[in-house]
Amino acid sequence: MTERKKEKFLSLRKKIIENDFKKMNPMQMKAIMCVKGPLLVLAGAGSGKTTAIVNRIANMMRYGEAYHSEEISSFITEDYVKKLELDYVNGELSEEEKINLSVNPIEPSKILAITFTNKAAGELKSRLGKFLEKDEQKVKAGTFHAICAQILRQFGEKIGYSKHFSLYDADDVRGIIKDCQKALNIDGKALPYRAIMAEISRAKDQMMNYKEYENAVSNDFKKAEIAKVYKLYQEKMHEAGSMDFDDLLMNTVLLFRKCQDVLEYYQDKFEYILVDEYQDTNTVQCEFINLLAQKHKNLCVVGDDDQSIYRFRGANIENILNFEQIYPSTKVIRLEQNYRSTSNIIKAANAVIENNTSRKGKKLWTDNKPGCKIKVHTARDEIDEAKYIADRIFESVSSGKKNYSDFAVLYRMNSQSNILERAFVRSGVPYRIVGGFRFYERKEIKDMIAYLSVINNPKDEVRLRRIINRPKRAIGEKTILRVMDILQETGRDLFDILKNASEYAQLQRVSAKLSTFTGLIDYFIEKCEGQQITISELYQLILKKTDYINALTAECDDSESRIQNINELATNIKIYEKEYQEKATLSGFLEEVALMTDMDEYDLNEQAVTLMTIHAAKGLEFPIVFLPGMEEGVFPGGQMISRPSDIEEERRLAYVAITRAKEQLCIVNTESRMLFGIISHNKPSRFSMEIPKNLAEFSAVRNIKKLERGECFSKTYFEEKLRLIESARSFTQVGGGNAPECFISFNIGDSVAHKVFGTGKVLSTRQVGNDFLLEINFGQMGTKRLMSSFSNLEKINS
DNA sequence: TTATGGCGATTTTTT
DNA sequence: ATCGCCATAA
């Protein structure tokens, strides 16, 4: 075999592979073909990053590594190469021939893909699904936290944790921190729990346990106080057999450091590692990755330093900036072609981000058309601003050009959403707020989760305390305090003390009540033992035995929606059981719940305008994006204005916001705005000023008579709207409820008449907000989606 | 043990 | 404006 033949074969193979990914641009192709060794992909916004990742993994599984030249001569012959070329040119390449070209194809189970959200992991999995056949061979894709939780469930015992450890969310943690403050007599004003939580989190990010932290901060009085809290907090967590989110990572790294065998097991299990959104990793996450990748060094990280917006939460931008130093043989690939937005939007985004100094350097470009100019609108105040946005959206949709789902309103602070929400309700524009209140943060859901958690792990103090008097069992705060005192003195298990309350004089009076409660929990635990009943059955049993729903009905007036939530949780349990079949466990379910957010349930197809914070919008795209509150003091926020490094982070946030838009970007600011209860006049945001004037088109509402508050926004008006908002929320979240009476109701199959579109047939109806979305086929006019109350439809009898 | 009233602080938060 | 916190009252 001559060298020439070899070369010919290799270039032919490359062509064949490239043909499989022919939609990719040269840079993406480079990333796809680079399988082994460290790889850094700097992927700008909208550069087809996820597609590149998915195809890269597909390539790894199908063709594997590149050939070493000595491997070639062993099997190729003149005839083989000839036939291959012929089949390729004729487009008759068989699957078998393709498979023959693979060199050590990588088993999917050897690949680990780490993301930040469950949603991203799910998307990756489903897009990879096409390339996978066998279930058990699946690529492992998950969030840092989910992967660490799984590792610790399996090997946590080696560092002193039970398989049934509970996971505490920020709310649970807050409760413990407050207890600690109280126990240590720390003034919550001088040292707020927020600061303590952040500091402990930072310590854990730096892999410091409370001892190490204590030593490190001994000369700082405030931090020394925090060290005390940290110590007590960690003791309480340990007693409760619980971990917080930071513990998941820190403990996994500790486990890896302590047990070489476990580390090696995972290093060999996951020979190929891919990390998405690498710019958002913190120190401990980076350490976790480095340990895992140490042996095989097949590590591909993907990120964009310009989109790093979580530094305030510990994300360490150095991780991506220094990647090449840590892995000297790193290949760097830049994906700079944007496929998402019009060139006007890209130009604007570049112009803004160029004002930042600490960057890796990257310039987005696009082949897309200029599109329309960026709209910059000045409204009179925040009510006017919200109305402007709602009206614009309504106009576009009623003219039939757009769907509600084409629009997003992205804001800096959650508090901006209220006014927007009111305007949307008033205009009858269906909307949905993403983020804010989470399903699993609702009181009733947390209560039910708490029952399940205590049954799973009776040491779980926080959850036990949550439910001990819920529904009311006449066990008050005093009793709890006494029990906690005993716990402190004897070091006995909390549950044990409650069970044997009669042994303690202080608890004599309530001992009967306490043992009734522990008896109930014991009864549940017993039922679970040996998996006699399913989780669903257990859940129903809890509801029945605690009489929770009746207590709820008696206690609060909005029990209706709360009961719906409780039922929805029952459904979620059933879904979980269905998915995992005989592998379903209580710990497994609780873990999934703890690591779940409502971002994961976000459905792009719902016919509603999306309202969310810019942070929540990262990774998403919308044809038309509104950015309200583009003012100094709002965005950038008042606290950031003085610090240059914070301004840079805000500017990255602005960059993220701008690059969410595909076709149209509309920036809105106001002349005056009620901010924290004070009316303020803010200058337009520096970020909107950084957009070149020739890309923008300005408009303003001026000299319009200010509405008398009394005439339009009377007290009763607001009360009514609030009720409407509430009901709209429960409809969108729960998807049930009764139809408002004022609308004509339409059913599937009804014939209807419309002024513009003529007659048509109702294809589907769907409740959106306090209205109905109808999908109607108007024959030649096509199928349209209309809101029942605004379309002036008439029913025809046929 | 639970209900009210004044006071202060007030981003963003993939897990 | 609004939420959460603490103190005081019932």
Side-chain angles (χ1 to χ4, degrees), chain A residues 114-123 142-149 167-171 173-174 178 181-182 187-189 192-195 197-198 201 204-205 243-249 276-277 279-282 284-285 307-315 382 410-419 434-436 438 440-441 469 472 474-481 510 555 591-600 602 612-620 629 633-641 643 646 649-650 652-654 656-657 673-679 718:
Chain A
I114 305 179
T115 61
F116 274 83
T117 61
N118 296 307
K119 191 170 162 260
E123 196 183 320
T143 63
F144 276 102
H145 298 267
I147 287 160
C148 288
L167 256 177
Y168 282 0
D169 64 18
D171 237 35
V173 170
R174 192 185 61 190
K178 282 188 180 170
Q181 281 179 304
K182 223 177 270 169
D187 179 20
K189 295 231 169 81
Y193 69 88
R194 275 170 159 278
M197 281 169 74
S201 187
K204 287 180 177 176
D205 178 33
M243 292 194 205
D244 61 28
F245 289 135
D246 301 311
D247 287 330
L248 285 175
L249 276 143
D276 194 12
E277 306 283 11
Q279 77 281 354
D280 290 332
T281 50
N282 60 25
V284 67
Q285 285 165 339
Q307 291 189 66
S308 160
I309 54 174
Y310 284 105
R311 211 187 37 154
F312 72 93
R313 242 190 54 181
E382 74 276 13
L410 309 179
Y411 38 81
R412 176 70 240 266
M413 296 177 288
N414 274 315
S415 57
Q416 288 172 264
S417 70
N418 275 314
I419 291 125
V434 179
R438 294 170 182 176
Y440 288 104
E441 275 171 13
N469 198 27
K472 292 219 163 64
I475 302 169
E477 202 58 38
K478 267 258 157 56
T479 309
I480 307 273
L481 282 175
V510 284
E555 241 170 73
E591 184 175 300
E592 198 167 283
V593 165
L595 297 176
M596 173 103 95
T597 67
D598 71 6
M599 276 302 293
D600 306 326
Y602 173 60
M612 59 177 141
T613 63
I614 299 164
H615 283 90
K618 198 174 78 164
L620 303 175
V634 179
F635 188 20
Q639 313 239 289
M640 329 303 250
I641 284 179
R643 307 233 325 250
D646 284 343
E649 175 130 332
E650 294 281 285
R652 289 194 289 270
L653 194 58
V656 169
R673 161 187 314 269
M674 183 81 96
L675 201 58
F676 304 131
I678 298 160
I679 291 173
F718 269 118

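Order of the sequence lines sets the chain letters (A, B, ...), proteins ahead of strands, with each chain counted from 1.
- Of the possible donor and acceptor atoms, none in the side chain of Asp646(A) sits under 3.5 Å from a partner among the backbone N and O of Gln639(A).
- Using a 4.0 Å heavy-atom cutoff across all strands shown, Phe144(A) reaches no nucleic acid atom at all.
- Atom pair Ile678(A):CD1 and dG8(B):P shows a separation of 14 Å (rounding to whole Å applied).
- Scanning both residues, Gln416(A) and Arg412(A), for their nearest heavy atoms gives OE1-N, 3.0 Å.
- Between Tyr193(A) atom OH and dC6(C) atom P the separation is 10 Å, expressed in whole Å.
- The CG atom of Leu595(A) sits 18 Å away from the P atom of dT13(B) (whole-angstrom rounding).
- One atom, CD of Gln279(A), and another, P of dT13(B), lie 17 Å apart when rounded to the nearest Å.
- Put simply, the side chain of Leu675(A) reaches to within 4.5 Å of the side chain of Met413(A), judged on heavy atoms.
- Every residue was checked against the salt bridge (charged side-chain N to carboxylate O under 4.0 Å, His left out) condition with Arg194(A), not counting sequence neighbours, and none meets it.
- In this structure, Ile309(A) and Ala594(A) both approach DNA chain B, and ranking their closest nucleotides by distance from the 5' end singles out Ile309(A).
- Residues Ala657(A) and Ile614(A) share a closest heavy-atom pair of CB-CG2, 3.8 Å.
- In this entry the distance linking CG of Asn418(A) with P of dT2(C) reads 8 Å, nearest Å.
- Between Asp280(A) and the choices Gln307(A), Lys618(A), Arg311(A), the side-chain hydrogen bond (donor to acceptor under 3.5 Å, both in side chains) rule is met once, by Lys618(A).
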Which atoms of nucleotides 9-11 of chain B (N or O only) lie under 3.5 Å from a protein N or O atom, and what are those distances?
{"residue": "dT11(B)", "atom": "O2", "partner": "Arg412(A)", "partner atom": "NH1", "Å": "3.2"}
{"residue": "dT11(B)", "atom": "O2", "partner": "Arg412(A)", "partner atom": "NH2", "Å": "3.2"}

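- Atom CG in Leu410(A) sits about 14 Å away from atom P in dT12(B), given to the nearest Å.
- Counting any heavy atom pair closer than 4.0 Å across all strands shown, Asp169(A) reaches no nucleic acid atom.
- When the C1' atom of dT12(B) is taken as reference, atom CD of Gln307(A) falls 16 Å away, rounded to whole Å.
- As rounded to whole Å, 15 Å separates atom C1' of dT13(B) from atom CG of Asp244(A).
- Asp244(A) meets the side-chain hydrogen bond (donor to acceptor under 3.5 Å, both in side chains) test with Lys204(A), Tyr233(A); sequence neighbours excluded.
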